[in-house]
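Everything numeric in this text was worked out from a predicted model, so none of it was measured. Atoms within each ligand, like the ligands themselves, are counted from 1 in listed order.
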Amino acid sequence: MRAALLRWYDRNKRDLPWRRTRDPYAIWVSETMLQQTQVATVLPYYHRFIEAFPSVEALDRASLDAVRSVWSGLGYYRRAANLKQAARLLTSGHGGRLPADYRALLRLPGIGRYTAGAVMSIAFDRPYAAPDGNVRRVYARLLGLTEPRAIDQAAERMVSRSRPGDFNQAVMELGATVCLPSSPLCERCPVAHWCHARASGTFDVPRPKPARTKAVQWPLVFVASRSRVLLHRRPDNGLLAGLWELPSPETLPAPRSLDETLRRSEPVAVIRHAITDMRITAPVYVLQRKIVVKGPAWRWVDLADLRSFPLSSLSTKAVRAARRHIPVSPD
Ligand code: SF4
């Protein structure tokens with residue numbers, strides 16, 4: 001079965017940039033980006049990130065703002081902060097390299113069993129499993145297992161000793177392209193012959209309970225003056241830590257007259273967005289006015305420079321919507 005799967009992988013694998021390297025750093029970055037994010041979304045970010053920070057040392061030397069800026073739009077920003085923090089620890093404690101040691105990898109911020117297993121097997125050829133959602137689904141069906149612990153143990157047992165990295169990627173690839181969650185394409189599957197689910201006709205896999213979501217109202221104000229827009233930097237801790245965003249009416253240091261104007265105006269757009277467990281509804285208001293602000297958490301930024309700014313995805317959407325509705329004109 002392993003041989004059949006590896007043969008299929010050799011013939012069918014997608015040509016992805018992180019599959020053309022054995023650099024543990026590049027593999028770590030790609031696996032971190034791929035957590036909770038689709039391959040197609042990750043690709044441009046991966047290229048930009050590796051170009052901007054080609055090594056652990058380069059990532060360590062960069063400012064957190066520069067890292068956030070390259071990450072901006074990919075979501076789950078904690079991952080970027082973790083990479084940066086781990087780069088510091090790798091530079092100070094491991095000579096700027098990722099250690100070929102599963103337990104040492106697990107001690108780094110942002111690295112769990114999946115990422116540690118992926119780095120160990122793909123970069124260092126060690127037989128560790130990398131059980132993510134796709135991989136667990138494949139094993140559950142293939143072996144007829146339901147208990148999460150039994151599935152993880154099976155994943156460890158199954159890893160090929162001769163080509164562990166390719167084998168793990170083959171299972172991931174099978175889960176991503178053939179053994180799909182709702183309708184597996186069994187007729188194209190290289191391991192169908194051995195598959196418990198196919199033989200028994202039971203494809204249901206225990207799913208983790210969907211996280212509860214909460215509805216949040218998050219009004220934003222697009223304050224424009226000439227070709228510049230007013231941005232506010234979020235605190236270094238908590239949600240969207242350190243990212244820049246459009247101010248909300250409450251954070252805006254507005255004099256009473258502006259407050260009145262805002263209260264009377266209608267939003268030019270309403271954005272819907274999700275961050276972790278929040279379903280956000282964000283009405284976007286427009287103010288064309290120069291407001292005097294003080295302190296490092298406020299900045300007037302030229303619209304042309306926004307692309308290189310670590311702006312939250314919610315605010316990026318809001319800026320786009322606001323610009324569709326208003327021409328940014330001189331005061
Ligand atoms: Fe998945 Fe079907 Fe292949 Fe079994 S035969 S592993 S259910 S695609």
**Presence of salt bridge, Asp166 and Lys13, under 4.0 angstrom** = no
**salt_bridge(Asp302, Arg228) N-O dist < 4.0 Å** = no
**Prompt:** Using a cut-off of 2.8 Å, how many protein N, O or S atoms lie below it in distance from atom 4 (Fe) of ligand 1?
**Reply:** 1
**Common cluster, Val284/Val270, ILVMFWY with side-chain heavy-atom separation under 4.5 Å** = no
**Message:** For a quick test of reading the model, state the closest non-hydrogen atom pair linking Val42 to Leu34 and the distance between them.
**Reply:** CG2-CD2, 3.9 Å
**Message:** My understanding is that only residues two or more places apart in sequence, or in another chain, count here; which of them pass side chain to side chain donor-acceptor pair (under 3.5 Å) with Asp10?
**Reply:** Arg163
**Request:** Check the angle between the aromatic planes of Trp71 and Phe49 and answer parallel, tilted or perpendicular using the 30° and 60° thresholds.
**Result:** perpendicular
